[in-house]
Amino acid sequence: MANFRYRDDQPHEEPAVTLDAFLEQPDATAVRLEAGEDARRLIPFLGRLQLIEISFPRFRDGRGFSSARILREAGYEGELRAEGDVLIDLLFFMRRCGFDSFSSQHSLNPADVEAALNRYSNVYQDATDAAVPIWKLRHG
Amino acid sequence: MYQYDKYDQGMVDARVEEFRDQVRRRIAGDINDDQFKPLRLKNGLYLQLHAYMLRVAIPYGTFNSLQMRKLADIARKYDRGYGHFTTRQNIQYNWIKLEEAPDILAELATVEMHAIQTSGESIRNISADQYAGAAADEICDPRPWAELIRQATTFHPEFSYLPRKFKIAVISAAEDRAALRWHDCALRIVRNEAGEEGFEVYAGGGMGRTPFIAYKIRDFLPAQQIFSYLQAILRVWNLHARRDNIHKQRMKILVHELGEEEFRRQVEEEFQTFLALGTDFPQAEYDRIAEYFTPPPFEAGLSDEIDRSDPDFALWVDRQVAEHKAPGYAIANISLKPIGGIAGDISADQMDIVADLAERYSFDEIRATHAQNLVLPHVRKADLYAVWQALDAAELADANLDLITDIIACPGLDYCTLANARSIPLAQKISERFADMERQLDIGELKIKISGCINACGHHHAGQIGILGVDRKGTENYQLLLGGSGAEDTSQAKITGPGFDEAGIVDAVERTVERYRELREPGERFLDTYRRVGLDPFKEAIYG
């Protein structure tokens, strides 16, 4: 198990409820999305959600990348956590898609995590992070 | 052609170090083989039957002499002195050691090359018309758009763990030389009534075990919006594709299951989301890239005369040379299909010779084709004889473009872990059976495509004659298909009936060809005759 968090605020303590449970009692502030669940159903509630956990049941299942971006693009500012089969070589892409915390079922070497996150000093395209795409650097 | 700036170079250099680190972590046991597999695949490294295979990207099939010489060096230093051009305009090496792969990537990076996203469940190398920038029938050079798409889709954070591979092709000519509609996403550059450039967009094509020809989902997409539109397609697929059965995860299956209309509706809706995000590359970036594809300084006032007094040369000109947009110039095709040879294979020494010829006679440009041949795109007609003599001396002057011996074949059971049957020896036997040049010319255009398993890397669905190797109770068995096309008249080949053993399939091909010769009307290609008369007369000839 390894947990990494890239936020300055206090970690949210309330346990995350399932999407179905959340939609029935939307006063919860933490929700968990399983792979394949429609992130857009959370859009009406983003203002008061403090934690959204997106499950990666298998590292090859990349649906969570799209879910994360959809939530960030809709204005979600709370904690966005990738949970499950989270491997070092996914982290850079996950950060770019808006994840700011990780709960991996594996033990990840912190030095390798840092190296993976800092490997690329530039990116070719916009995503939901603050990275400036190369085309913008080229044209000032 | 395109040249890296410090940013592009920084990306490939970082990639080399990343992969070196991934190999180190694998060897140290920090990651298991299951976890390592997608990482090496994203760097083009497959585990084959006998060794690792490394697939190197040749973006949109364009490269230069420096790069070709580097490919030759790698073949000598790390492989067995040869390389193999593939059906997606890439080159692959078959005898690679895992521990040497990072060094090879480092060598490639010194000549602005890489193996990024050449395999795995990622957005693959963009393919394009091999005559781009030279073809007399193109609207514009499609390569600036292909390069822009290459950059936009490299290490895309949302789309690096896709349901399956995703292949894009771009052309801008009426004639389709890139098997356009057999791609997941196919783009044809067109002009609207206002004269603006845009894309006709096709989606959901692909071969494999469930072949589909891509549907047109947009008549005209303003060119500057291409990245938004591609991301919309990719997001719809990424979110909604099945994830439970690897054979049903390609986008063609989703397009088929949702239906063309519903797929299009979802893409258009997601497209609005992406347009609003403003992630499209600006015109200034397109202009910067397009600058690299400014036509070379063609000489004016050259003669279009070709001295045809040497009959062997005249034969080669008739088969291998295509019309160029500039007067006095020609496009020269180099066959990698010698009689009895291995389709797409080229020795390191031959690579060096092609590099020399490109440098001296073709403004330093070389192209790879999806039919596993090479092209010198910009040769002065006055230089064709010298080019031909040099090719002839290097055993590269076969004059069989699009003829029956210009066979596409996958590596098959000689190399590939997926294959059920051998492709290479079969292609060699067919090539030898039809070696006679007069007979080949009499038969005319006839594209044979051979796959050693249902994954269809040898494009058998698109073969005018397609051959599919299967495993039948432990022995190799070959099914015969007729009537496919990867050109602008795209069609899917149909199975004729029961399969054959290796000797039987060569005979069946010959019976098919002979029946065509009996049935054809003047001017008809094999495909035309087949379309006119249908499958039955051929079945009768084949199975009697």
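Every chain is numbered from 1, with letters handed out A, B, ... down the list of sequences. On a predicted model such as this, the values are computed, not experimentally measured, just so you know.
For the set R96(A), R119(A), R95(A), the count of heavy-atom pairs under 4.5 angstrom toward chain B peaks at R119(A). When the candidates R15(B), Q231(B), E17(B), R288(B) are compared by the number of heavy-atom contacts under 4.5 Å with chain A, R288(B) comes out ahead. By number of non-hydrogen pairs under 4.5 angstrom with chain A, the leading residue of A276(B), P38(B), G10(B) is P38(B). The choice from D21(B), L277(B), D8(B) that makes the most heavy-atom pairs within less than 4.5 Å of chain A is D8(B). Top candidate by heavy-atom pairs under 4.5 Å with chain B, chosen from A39(A), G64(A), G36(A), S66(A), is S66(A).
G62(A) approaches R243(B) most closely through the heavy-atom pair N-NH1, 3.2 Å. When all heavy atoms of R63(A) and L239(B) are compared, the closest pair comes out as CD-O, 3.8 Å. Of all heavy-atom pairs between D5(B) and R138(A), the closest is OD2-NE, 2.7 Å. The shortest heavy-atom contact between N122(A) and Y7(B) is ND2-CD2, 3.7 Å. In terms of heavy atoms, R25(B) sits closest to D112(A) at CD-OD2, 3.6 Å. Taking each heavy atom of Q22(B) and D89(A) in turn, the nearest pair found is NE2-OD1, 2.8 Å.
Within the model, atoms CZ of F59(A) and CD1 of I31(B) stand 9.0 Å from one another, a figure rounded to the nearest 0.5 Å. Considering CD1 of I134(A) and CD of E285(B), their distance stands at 9.0 Å, rounded to 0.5 Å. Atoms CG and CG, from D30(B) and N109(A) in turn, are 7.0 Å apart once rounded to the nearest 0.5 Å. Distance CD/E18(B) to CZ/F92(A): 8.5 Å, rounded to 0.5 Å. Between the CZ atom in R60(A) and the CD atom in E121(B) there is a gap of 7.5 Å [rounded to 0.5 Å]. Atom CG of D61(A) and atom CG of N238(B) lie 8.5 Å apart (nearest 0.5 Å).
Around the NE2 atom of H106(A), the shell of radius 6.0 Å holds more than 12 heavy atoms that belong to other residues, nucleotides or ligands. When the shell of 6.0 Å around CZ of R41(A) is examined, it contains 12 or fewer heavy atoms from other residues, nucleotides or ligands. In the displayed structure, Q25(A) atom CD is contacted under 6.0 Å by more than 12 heavy atoms of other residues, nucleotides or ligands. Other residues, nucleotides and ligands contribute more than 12 heavy atoms inside 6.0 Å of the CD atom of E14(A).
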> Hey, mind stepping through D34(B) and R58(A) against salt bridge (charged side-chain N to carboxylate O under 4.0 Å, His left out) and telling me if it holds?
Replying inline: CA-CA 11 Å; D34(B) 187 46; R58(A) 294 172 304 146; over 6 Å; no

>> Apply side chain to side chain contact (heavy atoms under 4.5 Å, CB included) to residues F65(A) and Y161(B) and explain how you reach the verdict.
In response: CA-CA 8 Å; F65(A) 292 97; Y161(B) 285 84; 4.0 Å; yes

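Residue contact with chain A, scored on non-hydrogen atoms closer than 4.5 Å, is absent for H240(B). L39(B) touches chain A through its side chain: at least one heavy atom from C-beta onward sits under 4.5 Å away, while N, CA, C and O do not. For chain A, no part of F36(B) is nearby; none of its heavy atoms comes within less than 4.5 Å. Interface remark: R242(B) contributes no atoms to any contact with chain A (heavy atom separation under 4.5 Å). Both the backbone and the side chain of A284(B) come within less than 4.5 Å of a heavy atom in chain A. Proximity to chain A involves both the backbone and the side chain of Q35(B), based on heavy atoms less than 4.5 angstrom apart. The contact between L137(A) and chain B is made by backbone and side chain atoms together, counting heavy-atom distances below 4.5 Å. For D244(B), no part lies under 4.5 angstrom from a heavy atom of chain A. Residue E270(B) touches chain A through its side chain alone, counting heavy-atom pairs closer than 4.5 Å. Residue contact with chain B, scored on non-hydrogen atoms closer than 4.5 Å, is absent for D38(A).
Although no hydrogens or angles enter the test, the distance criterion places no donor-acceptor pair under 3.5 Å between the side chain of Q125(A) and the main chain of F281(B).
Ion pairing of E73(A) with R235(B) is present here, as a side-chain N (NZ or NE/NH1/NH2) and a carboxylate O approach within less than 4.0 Å.
The six-membered or imidazole ring of Y124(A) lies away from that of F155(B), with a centre-to-centre distance of 6.0 Å or more.
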